[in-house]
*Asks:* 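Here it is, the structure, as structure tokens.
The sequence lines fix the lettering, A, B, ..., with proteins before strands; numbering per chain opens at 1.
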Amino acid sequence: MSGGHGHGDSQVNSGPKGSDTHKHKDKHKDKDHRHKDHKKDKEREKFKHSNSEHKEHSEKKHRDKEKLKHSDGSSDKHREKHKEKDREKRREEKIKSSHDKPKKEKENGYVRAISPAAIKSEPEEDNGFYPSPQHKSSKREYDDEAFEYKPKKVKSEHDKKAQKRKHEYEDDEEDEDIKPKKKTKDKKVTEGKKGKKEEEEKWKWWEEERYTDGSKWRFLEHKGPVFAPPYEPLPDKVKFYYDGKPMKLSAPAEEVATFFAKMLDHEYTTKEIFRKNFFKDWRKEMTSEEKSKITDLNKCNFSEINEYFKAQSEARKQMSKEEKQKIKEENERLLQEYGFCVMDNHKERIGNFRIEPPGLFRGRGDHPKMGMLKRRIRPEDIIINCSKDSKHPKPPPGTKWKEVRHDNKVTWLASWTENIQGSIKYIMLNPSSRIKGEKDWQKYETARRLKKCVDRIRAQYREDWKSKEMKIRQRAVALYFIDKLALRAGNEKEEGETADTVGCCSLRVEHVKLYPKMDDQEYVVEFDFLGKDSIRYYNKIPVEKRVFKNLQLFLENKQPEDDLFDRLNTSILNKHLQELMDGLTAKVFRTYNASITLQQQLKELTCPDDSIPAKILSYNRANRAVAILCNHQRAPPKTFEKSMQNLQSKIDEKQNQLSAARKQLKAAKADHKASHDDKSKKAVEVKRKAVQRIEEQLMKLQVQATDREENKQIALGTSKLNYLDPRISVAWCKKWGIPIEKIYNKTQREKFAWAIDMAEKDYEF
DNA sequence: CGCCGAACTTAGCAAACCTAAC
DNA sequence: GTTAGGTTTGCTAAGTTCGGCG
């Protein structure tokens with residue numbers, strides 16, 4: 001079913017955005033840049049190579065097949081049944097939906113398809129498969145083994161490092177104490193108009209021991225969350241009309257109506273599911289009178305309300321500076337009061353101290369629950385977590401918390417249950433906090449441990465492709481994809497509760513197509529599915545013959561909506577991984593492959609003689625390779641074309657300037673030749689300088705243009721923030737004398753303070 | 001096991017903010 | 001001082017993993 005469409009045609013992407021059509025662009029996009037490099041070819045070579053290598057085994061396969069199908073015993077019966085149910089459902093739905101609409105039709109026109117694997121490059125040494133990381137990780141390891149107590153020896157080493165760093169960062173004083181203090185860094189920001197910003201002097205939590213008992217903190221005190229402001233009824237002059245007649249709504253009904261009214265410009269208010277869900281939930285808020293009157297959403301006219309809110313936001317923009325300032329100050333006050341907590345003697349920033357306001361739920365992609373009312377959260381819904389001996393947060397006057405508990409095995413400060421999916425939401429600390437940072441660091445250390453044994457693991461799964469047991473083969477092929485393509489694990493999801501998206505283990509038959517031959521390649525697998533956030537993953541890759549044959553086997557006698565890996569799920573996979581390496585799970589591969597790719601691309605792309613902007617372009621390209629690998633996409637910015645044009649005209653202008661300057665230089669030279677005097681010689685120098693300067697500026701602009709163009713629909717942020725060991729970037733900056741600010745903005749520097757502090761220029765992931 | 005809830009990480013979008021160009 | 005345009009931040013949805021229970 002999914003097969004029919006060419007890749008530009010029919011997929012959804014999630015954005016609740018206006019619809020424009022970019023469909024075709026993507027296609028071209030695929031082809032041109034990002035394949036400039038020869039990686040792909042190398043890769044192809046490799047595959048050819050390994051394919052032939054294993055040719056001789058292929059016949060035996062057939063014999064094995066029969067055995068295979070039954071060899072994994074009966075224990076899956078249950079799951080089988082369950083899965084079967086799902087499939088059945090899907091089949092039905094499909095039949096239904098295939099009439100009304102091409103499934104997964106684009107909501108806003110553009111299709112997000114690029115070829116993630118295209119850039120993924122692997123070092124050349126062909127030791128059978130992947131390169132072996134032979135390097136020994138240097139110096140102190142974060143030791144990742146379950147919160148082991150680290151004696152102070154760590155410290156001395158840090159001291160040394162700290163010395164070196166001193167002139168660069170001049171914040172050195174090690175041991176923190178309890179109170180907030182003045183900040184020393186980031187002068188530019190602090191010294192400006194309001195140089196009084198108070199902040200805790202950098203506390204180097206990474207130089208301290210961690211808890212070994214599984215507890216996350218000893219002391220925790222905070223002021224509780226900030227609630228959404230209460231509903232303010234509309235002024236009487238702003239009217240809602242039903243069937244053409246004005247109608248005053250009760251406050252609760254009106255509030256929900258405003259949620260809808262505010263979204264009128266969004267495409268999704270036109271979607272049937274959205275409207276249906278909204279109307280159903282809206283009616284629940286109505287008085288019985290309203291309920292009996294308002295029976296048809298199509299007869300509702302919210303436009304006056306919509307206008308009103310537009311005017312409001314316009315008015316907000318037009319506010320005087322003083323008024324704006326006042327609001328800003330108020331926000332700042334709120335932040336100071338509620339935005340921090342004290343955890344184990346340190347004041348730490350809270351990530352999200354505001355409770356999510358009520359509104360209409362908009363899931364991403366084709367979400368069955370879109371439009372449902374997300375209800376207002378009250379103190380009675382909130383569970384507070386803090387230490388017993390702390391000053392407990394006070395609920396707003398006249399209210400109570402649902403519960404106050406003192407659980408130091410978790411990191412959250414408050415939680416509530418959300419009404420759409422029934423899941424729990426949390427208030428937690430900012431990424432710059434110790435508790436997040438430690439975890440982050442640990443994550444990269446796990447990935448580095450994987451580096452040490454990845455060869456073994458790869459050898460293992462390659463071996464498992466031949467296993468007699470179906471389950472093991474499936475596991476091995478899935479793992480291969482996770483490793484090679486950086487796919488997500490792919491948990492099963494409850495049908496009808498969320499958008500239909502998949503990851504590796506939950507891939508269905510309809511998501512892959514096999515091509516024994518394609519152009520000049522053999523054994524090509526085409527992936528086409530919606531992943532997390534309903535972002536489309538589209539990729540064609542040649543695989544080894546054995547993988548291909550296995551896939552054919554897995555596909556036998558199955559319907560499009562059946563699971564590709566019917567004997568596999570994430571828990572089986574992760575259990576296996578756990579046995580291969582302590583702490584290994586599917587997502588570690590993503591982290592590992594992302595980080596190793598960055599490191600390796602940086603090595604490859606950075607030219608020592610390049611200017612700083614050119615080096616940064618290289619960095620961005622390396623970053624981009626990772627983003628492509630991980631399929632981190634974004635909608636092309638609305639103003640992309642225009643901004644591109646602007647940039648181009650700037651370039652043109654520069655070019656003109658340059659030729660003018662060159663002419664002048666020439667003239668000056670001629671002049672000098674003629675006169676040979678000092679003055680004309682000087683003039684030549686001046687002109688030469690001018691030319692040079694303009695050349696540089698031009699270069700910079702061109703670099704910028706390239707960078708932007710290449711980045712059109714690729715989002716670098718996600719990988720930078722979540723997948724790339726920051727120490728790689730820090731080391732790169734140090735090695736090439738690039739100011740860290742060029743790579744990480746303020747927030748990022750805060751999050752990665754640990755890495756900035758500890759990584760030296762020779763750091764190896 | 002299989003299932004489920006809890007906890008925590010990862011994700012893209014859009015509002016807010018900032019800054020450089022008029 | 002405005003505005004245009006880029007960048008940052010906030011928001012919150014959507015994943016993964018883990019552990020406990022029957």
*Asks:* For B:dG12, does OP1 or OP2 lie under 4.0 Å from any side-chain N or O of A:T718?
*Replies:*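 A:T718 to B:dG12 OP1/OP2: side-chain N or O found under 4.0 Å.
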
*Asks:* Below 3.5 Å, does any donor atom in the side chain of A:K587 face an acceptor in the base of B:dT10, or the other way round?
*Replies:*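 No such pair is found, so the answer is no.
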
*Asks:* Base, sugar-phosphate, or nothing for A:G503, non-hydrogen atoms under 4.0 angstrom?
*Replies:*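 It contacts nothing in the nucleic acid.
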
*Asks:* Can you tell me how far P of B:dC18 sits from CD of A:Q325, to the nearest Å?
*Replies:*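 Checked: the CD to P distance equals 10 Å.
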
*Asks:* Among B:dC8, C:dA14, C:dG10, which is the nearest nucleotide to the side chain of A:K436?
*Replies:*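 Comparing B:dC8, C:dA14, C:dG10 against the side chain of A:K436, the answer is B:dC8.
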
*Asks:* Nearest to the side chain of A:I535, heavy atoms from C-beta on, is which of C:dA14, C:dA13, B:dG12?
*Replies:*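 The listed nucleotide nearest to A:I535's side chain is B:dG12.
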
*Asks:* Short question: side chain of A:K443, backbone of A:N722 - any donor-acceptor pair under 3.5 Å?
*Replies:*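 Yes.
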
*Asks:* A:R708 side chain N/O closer than 4.0 Å to the phosphate oxygens (OP1, OP2) of C:dG6?
*Replies:*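 Answer yes for this pair, as a side-chain N or O of A:R708 is under 4.0 Å from OP1 or OP2.
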
*Asks:* Under 3.5 Å, is there a donor-acceptor pair between the side chain of A:Q578 and the main chain of A:G583?
*Replies:*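 Checked: pair present.
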
*Asks:* Under 4.0 angstrom, heavy atoms only, what part of the nucleic acid is A:N574 near: base, sugar-phosphate, or nothing?
*Replies:*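 Result for A:N574 = sugar-phosphate.
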
*Asks:* Between B:dC8, C:dA14, C:dT17, which nucleotide has the shortest distance from any of its atoms to the side chain of A:F361?
*Replies:*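 In terms of side-chain proximity for A:F361, the closest of B:dC8, C:dA14, C:dT17 is C:dA14.
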
*Asks:* Looking at C:dG6, B:dA7, B:dC1, which one has an atom nearest to any side-chain atom of A:K575?
*Replies:*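 That would be B:dC1.
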
*Asks:* Please determine whether a side-chain nitrogen or oxygen atom of A:R362 lies at a distance below 4.0 Å from atom OP1 or OP2 of B:dA14.
*Replies:*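 No, because none of the side-chain N or O atoms of A:R362 sits under 4.0 Å from OP1 or OP2 of B:dA14.
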
*Asks:* Choose from B:dC8, B:dC1, B:dT10 the nucleotide whose nearest atom is closest to any side-chain atom of A:K216.
*Replies:*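 Of all the options, the side chain of A:K216 is nearest to B:dC8.
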
*Asks:* Checking A:N408 side chain against A:S215 main chain: does a donor-acceptor pair fall under 3.5 Å?
*Replies:*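 No, A:N408 side chain to A:S215 backbone: no donor-acceptor pair under 3.5 Å.
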
*Asks:* Atom NZ of A:K746 to atom C1' of B:dT19: distance rounded to whole Å?
*Replies:*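 Between C1' of B:dT19 and NZ of A:K746: 17 Å.
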
*Asks:* Starting at the 5' end of DNA chain C and moving along, which residue's nearest nucleotide shows up first, A:N745 or A:E418?
*Replies:*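 Nearest-nucleotide comparison on DNA chain C picks A:N745.
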
*Asks:* For B:dC8, take OP1 and OP2 only and decide whether either is under 4.0 Å from a side-chain N or O of A:K439.
*Replies:*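 For A:K439, the contact criterion (side-chain N or O under 4.0 Å from OP1 or OP2 of B:dC8) is not met.
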
*Asks:* Starting from C1' on C:dC11, measure out to CG on A:N430 and report it in whole angstrom.
*Replies:*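 Atom CG in A:N430 sits about 14 Å away from atom C1' in C:dC11.
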
*Asks:* Determine, stepwise, if the pair A:E356 / A:R375 fulfils salt bridge (Lys or Arg N to Asp or Glu O under 4.0 Å).
*Replies:* CA-CA 9 Å; A:E356 298 172 17; A:R375 67 168 226 290; over 6 Å; no

*Asks:* So A:A586, base contact, sugar-phosphate only, or nothing? Heavy-atom distance under 4.0 Å.
*Replies:*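 Answer is sugar-phosphate: A:A586 comes under 4.0 Å of backbone atoms only.
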
*Asks:* Assign A:N491 to base, sugar-phosphate, or nothing according to its heavy-atom contacts below 4.0 angstrom with the strands shown.
*Replies:*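 It contacts base atoms.
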
*Asks:* Check the distance between C:dT16's C1' and A:N569's CG and give it to me in whole angstrom.
*Replies:*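 Between C1' of C:dT16 and CG of A:N569: 13 Å.
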
*Asks:* Considering only side-chain heavy atoms of A:I424, which listed nucleotide, B:dT10, C:dC11, B:dA6, is closest?
*Replies:*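 Nearest to the side chain of A:I424 among the choices is B:dA6.
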
*Asks:* Can we call the ring centroids of A:F527 and A:Y538 under 6.0 Å apart?
*Replies:*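 For A:F527 and A:Y538, the ring centres are not under 6.0 Å apart.
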
*Asks:* Students often get this wrong, so: under 4.0 angstrom with heavy atoms, is A:T411 touching a base, only sugar-phosphate, or nothing?
*Replies:*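 Counting heavy atoms under 4.0 Å across all strands, the contact made by A:T411 is with sugar-phosphate only.
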
*Asks:* What nucleotide, of B:dT10, B:dC13, B:dA16, holds the atom closest to the side chain of A:A635?
*Replies:*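 Out of B:dT10, B:dC13, B:dA16, the nucleotide with an atom closest to A:A635's side chain is B:dC13.
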
*Asks:* C:dT17 P sits how many Å from A:K493 NZ, rounded?
*Replies:*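 After rounding, the reported distance stands at 15 Å.
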
*Asks:* Does A:N646 make a side-chain N or O approach to OP1 or OP2 of C:dG5 shorter than 4.0 Å?
*Replies:*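 A:N646 to C:dG5 OP1/OP2: side-chain N or O found under 4.0 Å.
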
*Asks:* Return the orientation label for the A:Y744 and A:F752 ring planes: parallel under 30°, perpendicular over 60°, tilted otherwise.
*Replies:*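 Aromatic pair A:Y744/A:F752 classed tilted.
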
*Asks:* Is a donor on one side and an acceptor on the other found under 3.5 Å between the side chain of A:D563 and the backbone of A:R508?
*Replies:*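 Side chain of A:D563 to backbone of A:R508: no pair is present.
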
*Asks:* From the set B:dA11, B:dC13, B:dC8, return the single nucleotide nearest to any side-chain atom of A:N722.
*Replies:*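 Selected nucleotide: B:dA11.
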
*Asks:* Take A:S643 and A:Q578, find for each the nucleotide of DNA chain C with the closest heavy atom, and name the residue whose nucleotide sits nearer the 5' end.
*Replies:*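 Per heavy-atom nearest nucleotide, the more 5' residue is A:S643.
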
*Asks:* Heavy atoms from C-beta onward define the side chain here; which of C:dT12, B:dA11, B:dC8 lies closest to that of A:H632?
*Replies:*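 Comparing C:dT12, B:dA11, B:dC8 against the side chain of A:H632, the answer is B:dA11.
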
*Asks:* Using whole Å, what does the distance between atom C1' of nucleotide B:dC8 and atom NZ of A:K409 come to?
*Replies:*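 Whole-Å distance recorded here is 17 Å.
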
*Asks:* Of the candidate nucleotides C:dT16, B:dT9, B:dA14, which contains the atom at the shortest distance from the side chain of A:H266?
*Replies:*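 The closest nucleotide is B:dA14.
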
*Asks:* Looking at B:dA20, I'd like to know if its phosphate oxygens (OP1 or OP2) sit under 4.0 Å from a side-chain N or O belonging to A:K650.
*Replies:*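 Negative; the distance criterion is not met.
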
*Asks:* Assess A:K369 against A:F361: is NZ or CZ under 6.0 Å from the centre of the six-membered ring, and within 45 degrees of the ring's axis?
*Replies:*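 Geometry flag: not set, cation outside 6.0 Å or 45°.
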
*Asks:* For the pair made of CZ in A:R364 and C1' in C:dC11, what is the distance, rounded to whole Å?
*Replies:*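 Whole-Å distance recorded here is 9 Å.
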
*Asks:* Mapping A:K532 and A:D407 onto DNA chain B by nearest heavy atom, which one lands closer to the 5' end?
*Replies:*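 With A:K532 and A:D407 compared, the 5'-side residue is A:D407.
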
*Asks:* For a quick check of understanding: with a heavy-atom distance under 4.0 Å over all strands, which category does A:K374 fall into, base, sugar-phosphate or nothing?
*Replies:*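 Here A:K374 touches the backbone only, sparing every base.
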
*Asks:* With a 4.0 Å cut-off on heavy atoms, is A:P357 in touch with a base, just the backbone sugar-phosphate, or nothing at all?
*Replies:*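 Sugar-phosphate: the residue A:P357, judged by heavy atoms under 4.0 Å, touches backbone atoms but no base.
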
*Asks:* Quick one: label A:G490 by what it contacts on the DNA or RNA (base, sugar-phosphate, nothing), any heavy atom closer than 4.0 Å.
*Replies:*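 The residue A:G490 makes sugar-phosphate contact but no base contact.
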
*Asks:* Could you check how far OH of A:Y426 sits from C1' of B:dA6, rounded to whole Å?
*Replies:*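 Rounding to the nearest Å, OH of A:Y426 and C1' of B:dA6 are 4 Å apart.
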
*Asks:* Would you tell me if any nitrogen or oxygen in the side chain of A:R405 comes within less than 4.0 Å of OP1 or OP2 on B:dA6?
*Replies:*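 No, outside the criterion.
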
*Asks:* Need one value for A:T501: base, sugar-phosphate or nothing, where a base atom within 4.0 Å counts as base even if backbone is also close, heavy atoms only.
*Replies:*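 It contacts sugar-phosphate atoms only.
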
